[in-house]
**Student:** 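This is the structure I want to talk about, given as structure tokens.
No hydrogens, no waters, no symmetry mates; every other heavy atom, side chains included, goes into these values.
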Amino acid sequence: MIDLTIPKKKRNYIPQELEMKWDNLAPIYEELLARQIDDVNALETWLKDKSELEAALEEDFAWRYIKMTCDTANEQLVKDFQYFATEIEPKTAPLSNQLNQKLVASAYVEELDQEKYFVYLRGIRNALEIYREENIELFTKLQVTQQRYQSITGAMSVVINDKEYTLEQAANFLKDTNRSVRQEAWETIQQRRLVDKDALNVLFDELIVLRNQVALNAGFENYRDYMFQAMGRFDYSPKDCYAFHEAVEKEIVPILKEQADMRAQLLGLEVLKPWDLDVSTTGKPALKPFKNGQELIDKSIACFNAIDPKLGQMLATMKENNLFDVESRKGKAPGGYNYPLAESGAPFIFMNSANSLRDLTTMVHEGGHAVHTFLTAKLELNDFKHCPSEVAELASMSMELMSMDHWHLYFDNEEDLIRAKKEQLFDVLKTLPWVAVIDKFQHWIYTNVGHHAADREEAFKQIYTSFGAGFADWEGLDAEFANIWQKQLHLFEVPFYYIEYGIAQLGAIAIWKNFKENPHKALQQYLDALALGYTKPINEIYETAGIKFDFSVDYIKELAGFVKNELDKLG
């Protein structure tokens with residue numbers, strides 16, 4: 001087990017070595033609830049003390065989650081995570097609600113700096129509006145139930161050429177220049193996913209029932225509408241999401257269809273099959289930008305240092321404090337994330353490296369999140385750091401594109417570098433339809449209560465087909481096609497968290513466009529925007545970054561044209 005430690009900041013209010021057990025926490029909540037607040041200064045002190053407690057709780061939960069995902073087969077780590085979900089959160093939730101009530105009822109709340117606290121107070125009032133005590137137990141059940149997705153998928157592995165691989169590692173065979181090798185690997189991976197298809201469908205049905213009940217308890221017609229308010233989506237509506245779907249279908253899908261036709265021609269194929277989508281059309285083996293996880297970390301530190309020495313130092317600090325777990329292995333949860341450590345002010349990066357280009361982009365993506373974590377670490381209140389995903393993903397996706405100026409640090413020759421950039425820009429465009437698919441699918445799931453697994457599969461197939469279905473021929477692969485959605489962990493673990501990737505991808509393209517014109521200015525605007533945390537509305541944060549908060553047809557057309565032009569320049 002890797003050593004996952006970092007020194008904690010000195011606490012001013014709660015005990016320095018507070019063990020996260022309810023008997024220790026209860027007196028702190030009681031004191032905060034009972035404290036007399038006689039003026040606005042006392043109110044601000046109370047807010048800071050409340051924030052310190054919240055940060056400590058968040059970091060304790062973070063480590064439980066991190067350790068569990070690093071080793072899903074360790075029963076004790078799973079129990080430690082479940083302890084927090086079942087024994088701490090259900091008790092803190094009603095008290096946190098009472099603290100929020102105390103805040104908004106204070107005679108001095110209007111004396112607070114209304115510009116400084118506008119976003120924060122708006123969020124508090126929103127949380128109070130949808131809070132229901134009967135949902136606490138349901139949230140606990142959801143936390144525990146969702147965790148089963150990681151247990152099921154973390155145990156998935158396949159045997160290829162007499163060697164066992166995780167699914168992430170096996171995906172490298174999809175880049176093999178031998179088509180029969182690709183096909184065998186793809187079929188092996190999909191057959192392994194189908195083994196657990198029914199178990200994951202049963203799990204998802206359970207989640208839908210629980211989530212729908214949460215919405216009904218809070219007075220909403222469906223979980224979609226509940227989540228839009230719960231996620232604080234003050235700046236756009238479901239109607240705007242549908243407009244985004246339509247714009248992507250109209251402006252992005254035709255470009256990708258053109259790219260797919262060119263791919264088939266270069267590969268000498270009449271039609272593309274699903275196993276033909278990742279192999280290089282140059283006839284050369286898959287790019288290998290690093291040899292192992294340690295080299296990935298070191299090269300990424302050098303890359304960030306080349307962008308700005310302060311950024312390189314951030315990743316170097318993480319390395320010094322063992323805040324990376326990047327290698328793929330059996331028993332490790334799938335996917336990747338950057339987890340902010342609320343109290344320490346540092347982040348932890350988790351991913352499943354299989355020594356591919358995808359891992360390079362994952363690292364710089366999560367590295368962008370890490371930079372965001374560092375830049376917001378000193379904000380006065382913990383809640384000021386809780387950025388909406390439209391901002392959080394802007395941090396990461398912009399870094400994917402800006403870092404490309406220094407990708408020569410990962411590649412030994414110009415030809416590989418150009419290939420890598422072309423693949424990245426193609427992925428930028430490819431991201432948008434997939435985001436639209438998953439988002440539109442979620443809208444369908446939660447506004448069609450009572451549907452069955454077969455209905456869900458049919459809905460997914462129709463939606464995916466309307467966005468090109470990967471531009472592959474799926475004839476004879478109906479079971480695999482209908483099951484693709486199960487690989488998207490967001491559907492199981494963080495419902496409705498996906499449209500943000502599309503919105504942020506557009507913002508990232510706009511930042512990169514500025515960066516190409518004036519690197520120093522664009523980088524500074526990017527850093528200034530991230531440093532705001534969530535102390536300003538989303539549109540103001542985007543304006544600070546030098547871009548628009550916009551996902552209209554015209555804007556998507558403009559940005560797609562820019563990316564296509566950059567692709568054409570690469571040849």
Side-chain angles (χ1 to χ4, degrees), residues 170-190 248-289 354 356-362 400-401 404 407 411 413-438 461 463-477 480-481 484 487 502 505 509 556-557 559-571:
N172 275 342
F173 287 100
L174 301 179
K175 298 182 179 180
D176 198 288
T177 54
N178 185 322
R179 197 181 191 207
S180 62
V181 170
R182 300 199 303 271
Q183 180 175 352
E184 182 183 355
W186 188 88
E187 290 174 344
T188 301
I189 291 169
Q190 300 310 317
V248 168
E249 188 174 350
K250 181 182 177 184
E251 300 297 339
I252 305 295
V253 171
I255 296 175
L256 292 173
K257 176 67 169 66
E258 185 183 310
Q259 295 281 329
D261 291 342
M262 191 184 305
R263 164 174 283 273
Q265 184 181 343
L266 290 170
L267 291 175
L269 301 171
E270 287 189 19
V271 294
L272 295 172
K273 298 298 283 185
W275 47 85
D276 297 320
L277 303 178
D278 293 326
V279 64
S280 173
T281 55
T282 64
K284 297 188 175 181
L287 292 165
K288 297 282 186 183
S356 68
L357 176 63
R358 192 19 141 192
D359 299 321
L360 185 168
T361 56
T362 297
E400 288 183 39
L401 293 169
M404 286 199 301
W407 279 13
F411 298 99
N413 65 69
E414 186 72 13
E415 190 178 341
D416 285 350
L417 178 60
I418 291 172
R419 267 182 68 193
K421 289 182 176 180
K422 286 175 73 172
E423 287 187 30
Q424 169 64 7
L425 293 184
F426 178 67
D427 276 349
V428 165
L429 292 178
K430 196 168 68 172
T431 292
L432 294 167
W434 182 246
V435 167
V437 167
I438 295 299
K461 288 192 293 184
I463 293 168
Y464 193 28
T465 299
S466 70
F467 288 93
F471 308 95
D473 172 25
W474 293 87
E475 186 177 353
L477 302 167
E480 294 87 345
F481 182 54
I484 292 170
K487 73 177 183 179
Q505 185 69 85
I509 295 169
I556 288 177
K557 183 177 182 178
L559 295 176
F562 168 71
V563 175
K564 189 175 186 299
N565 186 51
E566 291 298 317
L567 264 171
D568 292 342
K569 284 183 189 176
L570 291 168

**Student:** Taking the basic N atoms (NZ, or NE/NH1/NH2) and the acidic carboxylate oxygens, is any pair closer than 4.0 Å for Lys564 and Glu258?
**Tutor:** yes
**Student:** Between Lys175 and Leu357, which heavy-atom pair has the shortest distance, and what is it?
**Tutor:** NZ-N, 4.4 Å
**Student:** Are there over 12 heavy-atom neighbours, none belonging to Glu187, within less than 6.0 Å of that residue's CD?
**Tutor:** yes
**Student:** Mind checking the OG1-CD spacing from Thr431 to Gln505? Nearest 0.5 Å is all I need.
**Tutor:** 5.0 Å
**Student:** Does some side-chain heavy atom of Leu425 sit less than 4.5 Å from a side-chain heavy atom of Leu570?
**Tutor:** yes
**Student:** In terms of heavy-atom contacts, does NZ of Lys487 have more than 12 from other residues, nucleotides or ligands at under 6.0 Å?
**Tutor:** no
**Student:** Would you indicate whether Glu249, at its atom CD, is surrounded by more than 12 heavy atoms from other residues, nucleotides or ligands within a distance under 6.0 Å?
**Tutor:** yes
**Student:** Stepwise, does the side chain to side chain contact (heavy atoms under 4.5 Å, CB included) test hold for Gln424 with Leu401?
**Tutor:** CA-CA 8 Å; Gln424 169 64 7; Leu401 293 169; 4.3 Å; yes
**Student:** How many angstroms lie between atom CD of Glu423 and atom CG of Leu360, to the nearest 0.5 angstrom?
**Tutor:** 11.0 Å
**Student:** Roughly how far apart are Trp275 CH2 and Arg179 CZ, rounded to 0.5 Å?
**Tutor:** 7.0 Å
**Student:** Counting C-beta onward and ignoring hydrogens, is there a side-chain heavy-atom pair between Ile252 and Phe467 closer than 4.5 Å?
**Tutor:** no
**Student:** Would the distance check show the side chain of Asp359 and the main-chain N or O of Ser356 forming a donor-acceptor pair, the cut-off being under 3.5 Å?
**Tutor:** yes
**Student:** Over all heavy atoms of both residues, which pair between Ala260 and Leu272 is shortest? Give the atoms and the distance, please.
**Tutor:** O-CD1, 3.5 Å
**Student:** To the nearest 0.5 Å, how far apart are CZ in Arg358 and CG in Leu287?
**Tutor:** 13.5 Å
**Student:** Might you point out which heavy atoms bring Asp276 and Val271 nearest each other, and give the distance in Å?
**Tutor:** OD2-O, 4.2 Å
**Student:** What do the steps show when you test Val279 against Arg263 for side chain to side chain contact (heavy atoms under 4.5 Å, CB included), and what is the final call?
**Tutor:** CA-CA 10 Å; Val279 64; Arg263 164 174 283 273; 3.8 Å; yes
**Student:** Would you say the ring centers of Tyr464 and Trp434 fall short of 6.0 Å from each other?
**Tutor:** yes
**Student:** Tell me the closest heavy-atom pair linking Ala170 and Ala185, and the distance in Å.
**Tutor:** O-CB, 4.4 Å
**Student:** Within the side chain of Lys430, is there an N or O that forms a donor-acceptor pair under 3.5 Å with the backbone of Gly470?
**Tutor:** no
**Student:** Please report the interatomic distance NZ(Lys421) to CG(Leu567), rounded to the nearest 0.5 Å.
**Tutor:** 12.0 Å
**Student:** With heavy-atom distances below 4.5 Å as the criterion, would you say the side chains of Leu477 and Lys273 are in contact?
**Tutor:** yes
**Student:** Closest approach of Gly502 and Leu432, non-hydrogen atoms and distance?
**Tutor:** O-CD2, 3.8 Å
**Student:** How many angstroms lie between atom CZ of Arg419 and atom OG1 of Thr282, to the nearest 0.5 angstrom?
**Tutor:** 4.0 Å
**Student:** For the residue pair Trp474 and Phe481, does the interplanar ring angle fall in the parallel (under 30°), tilted (30 to 60°) or perpendicular (over 60°) class?
**Tutor:** tilted
**Student:** Quick one, Thr361 with Asp427, criterion side chain to side chain contact (heavy atoms under 4.5 Å, CB included). Give me CA distance, side-chain angles, the key distance, then yes/no.
**Tutor:** CA-CA 10 Å; Thr361 56; Asp427 276 349; 5.6 Å; no
**Student:** Do Asn172 and Lys288 have side-chain heavy atoms sitting under 4.5 Å apart?
**Tutor:** yes
**Student:** When you measure from the side chain of Arg182 to the backbone of Leu277, do you find a donor-acceptor pair of N or O atoms at a distance under 3.5 Å?
**Tutor:** no
**Student:** Do Trp186 and Asp278 pass the side chain to side chain contact (heavy atoms under 4.5 Å, CB included) test, and can you show the C-alpha distance, the side-chain angles, and the key distance before you say yes or no?
**Tutor:** CA-CA 11 Å; Trp186 188 88; Asp278 293 326; over 6 Å; no
**Student:** Please find the pair of heavy atoms, one from Gly283 and one from Thr177, that lie closest to each other, and give the distance.
**Tutor:** O-CG2, 3.4 Å
